[in-house]
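Take a look at the structure set out below.
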Amino acid sequence: MSALRERLDAALDRAHHWFFDPVPAFGMLICRIGLGGVLFLGYLTRWPYVEDLYGPSGFAGHDFIKLYPESAHAGWLITYPFEVLKQVPTSEPIWALYLLLLTASLAFATGVRPKITGTIALIVHILFVARNPGAMWGWGTMIQPFMIYGICAASERNWSVGGWLRARRARARGESVTPTDWTLSAWPQRLFQIHIACAFLVLWSRFHEQSWLDGQALPYALMNRDWSRLDFDFFPYFPLLEIASRIALGLETAAPFMLFIKPIGKYWALALMGLFATLVITTSVGWWDFMMMTVLVLFLPPEWVARLPWPREARAIVSSTPGTDDA
Amino acid sequence: MAKKYILTPLLILYAGGLIFTATDRGVIPGFLGDAHLSAKLAMHTAGITPGMRVFPGPRERLEVLLIARCTLADGIDAAGNKTRIYPTEPCPEEGFTWHPVIYDHLIVHWMSWIQFGDHRAIVDALGHHFCGQAENPETTHVDLTSSLALRHYDTGESWTQNEPLGRVECRR
């Protein structure tokens, strides 16, 4: 009995270290900038269509519901909670929230009070997703938990406009500025990594889809103008694309395991980034691929990420931080 | 101590919940099915989606490829006259000449949602939208049609198929 208890305690000890030992902050910093940037640009490009997408006269808005009460729910697969914006009868609050979301997401990306601004951006974004879930191609839903991890790890210490302004003011007053800590507790990064693996685990449903097993799904996506970005006839290249489709299926469905195997994980993450980069060029599914390329950086070794133009003291922590080799 | 004996188990529990809800219902034991659905619903309500299925491919092997989907909206007045509201250019049979802008793209996207959701409600919302776009103020109804450019997977033969989506009353 005591042997079992000892084993459990040792396992808990390992888990405790995995979750709470400090890790270099690079990956989560890139995620903060990337996720904030995706939210900002995702909504900025919707500027001309705010009334159509979210306004009271827009798609399934307040005025529509008044005229067509039998169609109060626009028929999405899931009933989204927080559908409060459907009850707003005028445009002004919608525009105010839209501008608040733009400001908050930009502030989060640039590190101005990132915990507060990230939380505001996330809450308003959830309201907009619930108002019109069909306007986002799925990335709008998937970014919500990713933002939660980003907010948990966010700090004004690193790569932050807010932190830079504060340090500048302190120097102007002749006060000493505390050296920046370029590490953070690992738990938000660990939960983020597990969640990314789960996002790929969901794709195991493809094993029930004959079109995926036959390698047809990717060529179908490339040829279908609902998704395809290129004006190109892919039909003569179907046999090649069927091979690419099977490679994509293998890459994505094996990711939940491969990303965590030390010698392979980093190359697997790079291959997945390449896959998403190819999809950016060939398909149009909103900001999904940009978001995934950003978050996969969490599986790259810190010494690779440290080659980016970080301050010298930031790069120095790669060699001095325990746990930098187990990303 | 609190981190090790309280927070670490809580984090493990959360991670376990994520993995549990990310698995397909078919791969977990039957008696966990209801718990699986409840956990998924609870997570979704909290804004936490385990993952998404991008490019939801058809379950069966494809015989026919959908190359392009064009939504036609025709306004009908009291005298029964038909006027094309959308698109302003003719639908292409094969070419890639529409939805260059996000707005048209989203209309195409909404139409593709019809296959997943409540057909009537989405058709009503789109019809209402096009009622507002009609130049003729006497427009009483809008007819929505999906014009599908198709190609046979093995033979490469192409054709266009029109599918009526429904008629929507213009309520003002």
Side-chain angles (χ1 to χ4, degrees), chain A residues 12-13 15-16 19-20 45-46 49 52-53 57 59-60 64 67-68 71 73-78 81 126 134-135 137-138 141-142 144-145 148 187 190-191 194-195 198-206 208-212 214 216-218 220-221 223-227 231 235 284-285 288, chain B residues 3-5 7-9 11-12 14-15 18-19 21-24 26-27 44-45 47-55 57-62 65-69 95-96 99 102-103 105-106 108-110 112-113 116-122 124-126 128-129 132 151 153 156 171-172:
Chain A
L12 199 58
D13 205 45
H16 170 247
F19 276 121
F20 290 103
T45 50
R46 277 164 172 72
Y49 319 108
D52 284 313
L53 295 176
S57 307
F59 189 82
F64 166 80
L67 291 170
Y68 299 84
S71 292
H73 291 286
W76 314 115
L77 261 186
I78 306 148
I126 287 171
W137 299 91
T141 319
M142 194 71 251
Q144 293 173 16
I148 294 174
W187 69 269
R190 299 305 186 208
L191 290 183
I194 292 167
H195 204 130
C198 286
F200 287 112
L201 194 61
V202 167
L203 302 183
W204 282 22
S205 59
R206 287 175 180 173
H208 300 303
E209 294 171 5
Q210 200 57 43
S211 59
W212 269 103
D214 287 343
Q216 291 180 327
L218 205 63
Y220 176 74
M223 279 192 69
N224 189 318
R225 304 287 155 79
D226 284 2
W227 300 302
D231 182 11
F235 199 73
S284 176
V285 288
W288 179 269
Chain B
K3 266 188 185 174
K4 184 177 166 184
Y5 291 106
L7 290 178
T8 303
L11 291 175
I12 292 170
Y14 173 79
L18 265 182
I19 296 164
T21 51
T23 50
D24 194 74
V27 302
H44 197 94
T45 306
I48 297 167
T49 310
M52 303 287 292
R53 284 173 67 228
V54 275
F55 299 141
R59 299 240 154 189
E60 306 303 323
R61 190 177 193 281
L62 293 164
L65 293 163
L66 172 61
I67 311 295
R69 186 200 312 267
F96 187 70
H99 69 70
I102 190 169
Y103 184 67
H105 203 177
L106 283 169
V108 170
H109 187 205
W110 291 334
S112 70
W113 269 87
F116 302 118
D118 176 354
H119 181 115
R120 188 67 243 172
I122 295 181
D124 278 349
L126 272 175
H128 174 61
H129 170 80
R151 184 180 262 182
Y153 190 89
R171 300 179 192 170
R172 296 185 172 91

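Chain letters run A, B, ... following the sequence lines, proteins first and then strands; every chain starts at 1.
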Choice from B:T21, B:L65, B:I48, B:L11 maximising heavy atom contacts with chain A below 4.5 Å: B:L11
How far apart are the closest heavy atoms of B:P50 and A:V202, and which atoms are they? C-CG2, 4.2 Å
Closest non-hydrogen atom pair, A:P145 against B:G47: CD-O, 3.4 Å
If you round to the nearest 0.5 Å, how far is NZ of B:K4 from CG of A:D13? 4.0 Å
Among A:F200, A:F235, A:F19, the residue with the most heavy-atom pairs under 4.5 Å to chain B is A:F235
At what distance, to the nearest 0.5 angstrom, does CG of B:L18 lie from CG of A:L191? 7.5 Å
If you round to the nearest 0.5 Å, how far is NE2 of A:H16 from CD1 of B:I12? 11.0 Å
For the NE2 atom of B:H44 and the CD atom of A:Q144, what is their distance to the nearest 0.5 Å? 7.5 Å
Side chain / backbone / both / neither for B:Y153 at chain A, heavy atoms under 4.5 Å: both
Would you call B:L7 and A:W187 a side-chain contact if the rule is heavy atoms closer than 4.5 Å? no
For A:Y68, give me all partners under ring pair (Phe, Tyr, Trp, His ring centres under 6.0 Å), at least two apart in sequence or on another chain. A:F64, B:H128
For A:S57, what residues pass the side-chain hydrogen bond (donor to acceptor under 3.5 Å, both in side chains) criterion, not counting sequence neighbours? A:D63
Bottom line for A:N224: the part with an atom under 4.5 Å from chain B's heavy atoms is both
Side chain to side chain contact (heavy atoms under 4.5 Å, CB included), that's the test. Do A:W204 and B:T23 meet it? Break it down for me. CA-CA 8 Å; A:W204 282 22; B:T23 50; over 6 Å; no
Looking only at heavy atoms, which two atoms of A:H195 and B:T49 are closest? And how far apart? NE2-O, 2.8 Å
